[in-house]
Amino acid sequence: MISGFLLLVRRTAPRAASRSCGWGPSAVQEKGGSILCWYAARPPGGTRQCQSEGRPPYKQKTARRTRQPRRKRAMRTCLPFLHRASRVTGQSRRPRAAAWIVFAFLAACCLLPAAEYVVAPNGSDDGPGSREAPWKTLAHAAETMVAGDLCLIRDGIYRESVVLKRSGTAEAPIRFVGWAGERPVICGLDVVKGEWIHHADGVWRTRLPEVTEQVFIDSRPTVEARWPNMSFDQRWDRGTWATCGWGSTFGLIKDPELAETGIDWTGAEATLNVAHQWFTWCRTVQDHDVGRDTFSYSTDGFRKVMSMKYAKSLKYWGNDFYCLFGKLEALDAPGEWHCDRDTTVLYLQTYEGDSPAKHVVEVKARDYGISAAGVRHVVLQNLTFRGCAITANRASDWLVDGCHFEFATVVRKSNQRCSDQRLDGNHITIRNCSVSFSAGHGFSLSGYGNTVDNCVIHDTAWSGSQYYAGIRMRHVVPKGQTFDITMQGVNAMRRNTVYNVGACVLYFSRGTEMGYNHVYDGGLLCEDIAMAYSGGDLRGSVVHHNWVHGCRTPLGHGIGIRGDDQTHDLVVHHNVVWDNGGKGLIIKGNDNRYYCNTVMYNGSVDR
């Protein structure tokens, strides 16, 4: 049994100094005005000795060179500073034995088991984080954990945002795992605790700490007040949008029904699904008066996705769609709300028309439940995220397994990026997860070697813009590197079920394998949309063994699988494509291969 400890010291000393002192073996070597010493601390009750003169305590070996024993060579390799000290004084046995003890101690430290921590809503961050005395917050656990540690999360709601700053390793990742058989929820919503004051017929108001863009009543989603009225359950109903009339043009909406609203819409926000209708924009209403059937909007910013020449060449804008929001006067139906962006006052009408004080009202307070930048080797398992998303930038080697995301993102203005469910990095795996009711992406991944496997994703991208998709994957290589599938690995979408998507269901780029997926009911709020879409350089991309059906856009122009302009090196085989409003399969460009596909019962001649 070892009762002492080892200490390595480097200190300055006169050049002439040379002594050996301490309990047990010790050594001093003179070198350049410094003394390199190692001491063994005396045991309890031991007596400190000093032998600065006379015969050393152990007989020195002769200077004759002999082959060192294997054990001594190993010691010299593993702990050279200890071997060097013993060689100077000739004290070979006890220093050598002590060196092996130190080596064994250090090796044992490297094999210490990783820590296990527990978090529970009734815990305390002042405790040890054990099963008997858990912590209260995930943020405290994230600040404490190091590589190899495990955080077990008990059942309950955690209204916090966790920022991960530490990385794990390939052999010892940092893990956040839901307790077996329980449902921990990381929530981006806060309960409204302010006083509710009656404002008008069926409308109540309260002041929030900050502006919100998402409101729930007793866990039931509501919608921002708008015209024409729309309930949350009608989000896919094109009949709840206003229709542009004759006389509409680029920058001007003309609609006889607009004059009947009795509202001055100047300053409101207009969601515009106009022109080619595969994108949706949001513009501020510039000029309108009560009783007028026209309003104008700015045309700036359209050039990124629609050339001005194309826009001005269109002679008929009468089949376009739009809606208006951002006015308190539009709040006239149950399940609607309006938040004044200057005063942060929330106006709300419950589904029953009674006081919100009789209900649990929650508002969005945090975009992300978990976020990270430059963090590697993380596992998220068996967790539920509600009203918030996860995001990571420059990440690598993440595993998201068995997690569920509900109302993860909200898109108030279609042309502005929302708090995407986005993971950018390499070797990220998402499997056995679900995403439901996300206004933006289901999942968006950029990088290489990423995988989305065996997930169920539905009711996403209801903003009506092609930018958002059920799954969006882009193969991106670091700056200075070239595209090399063998070195970087492919991105993969496999065995997923994706449906009820406002725009494109699956978006992919070069270096992507898309196989064994079932995708249906896409393009619900856009035109000229494909269920599986890409274009350009598609080297290394293979689309195979998928079921693709039900792309029925509002005007019937839906497409099953599409390789758009200048597509090359795309392989498409063994897919079944049917019941799409437009075409089943379109591949433009050169050097593409498509074979053994079954394409039937689509709206026009299949190609």
Side-chain angles (χ1 to χ4, degrees), residues 223-230 234-327 329-330 332-333 411-416 439 461-468 502-504 523-529 552-558 581-582:
V223 296
E224 185 172 2
R226 50 165 270 178
W227 178 83
N229 285 336
M230 180 197 75
Q234 294 175 307
R235 61 193 173 279
W236 303 123
D237 186 354
R238 201 52 141 167
T240 63
W241 290 60
T243 305
C244 300
W246 290 99
S248 298
T249 185
F250 193 37
L252 179 71
I253 296 292
K254 183 177 178 60
D255 180 7
E257 295 183 2
L258 181 66
E260 301 174 5
T261 63
I263 299 175
D264 180 2
W265 292 100
T266 303
E269 302 294 340
T271 300
L272 306 168
N273 186 229
V274 298
H276 47 51
Q277 297 181 16
W278 67 70
F279 270 97
T280 299
W281 295 270
C282 190
R283 291 292 183 271
T284 301
V285 176
Q286 293 182 331
D287 183 19
H288 183 256
D289 293 314
V290 175
R292 281 179 55 185
D293 63 354
T294 61
F295 70 84
S296 60
Y297 60 88
S298 173
T299 59
D300 293 340
F302 284 81
R303 295 179 178 83
K304 293 182 179 180
V305 291
M306 178 174 64
S307 68
M308 299 299 290
K309 181 179 179 181
Y310 169 80
K312 292 178 179 180
S313 68
L314 293 178
K315 298 180 180 180
Y316 178 62
W317 294 66
N319 64 344
D320 293 332
F321 300 92
Y322 75 100
C323 63
L324 301 171
F325 65 95
K327 284 280 189 175
E329 294 86 343
D332 59 358
V411 181
R412 185 172 184 266
K413 294 185 178 182
S414 302
N415 55 295
Q416 295 181 353
W462 64 69
S463 67
S465 181
Q466 187 183 5
Y467 171 75
Y468 299 110
C504 170
L524 299 179
L525 292 178
C526 296
E527 288 299 330
D528 199 17
I529 288 295
R552 295 192 170 275
T553 65
L555 298 180
H557 297 158

| message | Hydrogens and angles aside, do Gln234 and Thr240 bring a side-chain donor and acceptor to less than 3.5 Å of each other? | response | no

| task | Could you name each residue pair satisfying salt bridge (charged side-chain N to carboxylate O under 4.0 Å, His left out) that touches residues 272-281, not counting sequence neighbours? | result | none

| message | How long is the straight-line distance from CH2 of Trp236 back to CG of Leu524, given to the nearest 0.5 Å? | response | 5.5 Å

| field | Value rounded to 0.5 Å, distance of CG in Asp320 from CH2 in Trp241 | value | 11.0 Å

| query | Going through the distances and angles, do Arg283 and Leu272 end up as a side-chain contact (heavy atoms from CB on, under 4.5 Å)? | reply | CA-CA 8 Å; Arg283 291 292 183 271; Leu272 306 168; 4.1 Å; yes

| Can you name the residues that form a salt bridge (charged side-chain N to carboxylate O under 4.0 Å, His left out) with Arg238, not counting sequence neighbours? | none

| query | With Tyr322, which of Phe295, Tyr297, Trp281 fulfils side-chain contact (heavy atoms from CB on, under 4.5 Å)? | reply | Phe295

| Closest approach of Thr266 to His288 (non-hydrogen atoms, all atoms of both residues) | OG1-O, 2.6 Å

| task | Flag the pair Cys244 / Lys254 as yes when at least one side-chain heavy-atom distance between them is below 4.5 Å, and no otherwise. | result | no

| What closest approach, in Å, do Tyr468 and Ala461 show between heavy atoms, and which atom pair accounts for it? | CB-CB, 3.7 Å

| message | Using a 6.0 Å cut-off, check whether atom CD of Glu329 has over 12 heavy atoms from anything other than its own residue. | response | yes

| From Ile253 atom CD1 to Asp293 atom CG, the distance as rounded to the nearest 0.5 Å | 11.5 Å

| note | Tightest non-hydrogen contact, residues Ala270 and Val285, listed as CB-CG2, 4.1 Å

| Closest heavy-atom pair and its distance - Cys526, Ala503 | SG-CB, 3.9 Å

| Between Trp227 and Trp265, what is the ring plane arrangement, given parallel below 30°, perpendicular above 60°, and tilted in between? | tilted

| field | Exam field: side chain Ser296 to backbone Gly251, donor-acceptor pair closer than 3.5 Å | value | no

| Residues in side chain to side chain contact (heavy atoms under 4.5 Å, CB included) contact with Pro228, at least two apart in sequence or another chain | Arg226, Ala242, Cys323

| message | To check you understand the geometry: which heavy-atom pair defines the closest contact between Gly247 and Leu252, and what is its length? | response | O-CD2, 4.0 Å

| query | Can you name the residues that form a side chain to side chain contact (heavy atoms under 4.5 Å, CB included) with Thr284, not counting sequence neighbours? | reply | Glu269

| said: Distance check, rounded to the nearest 0.5 Å: Thr243 atom OG1 versus Asn273 atom CG? | reply: 11.0 Å

| Who are the salt bridge (charged side-chain N to carboxylate O under 4.0 Å, His left out) partners of Asp287, not counting sequence neighbours? | Arg292

| query | To the nearest 0.5 Å, how far apart are CG in Leu258 and CG in Leu324? | reply | 6.5 Å

| message | With rounding to the nearest 0.5 angstrom, report the CG to NZ distance, Asp264 to Lys327. | response | 5.5 Å

| remark: For Ala333, the side chain to side chain contact (heavy atoms under 4.5 Å, CB included) test, sequence neighbours excluded, returns Asn229, Glu336

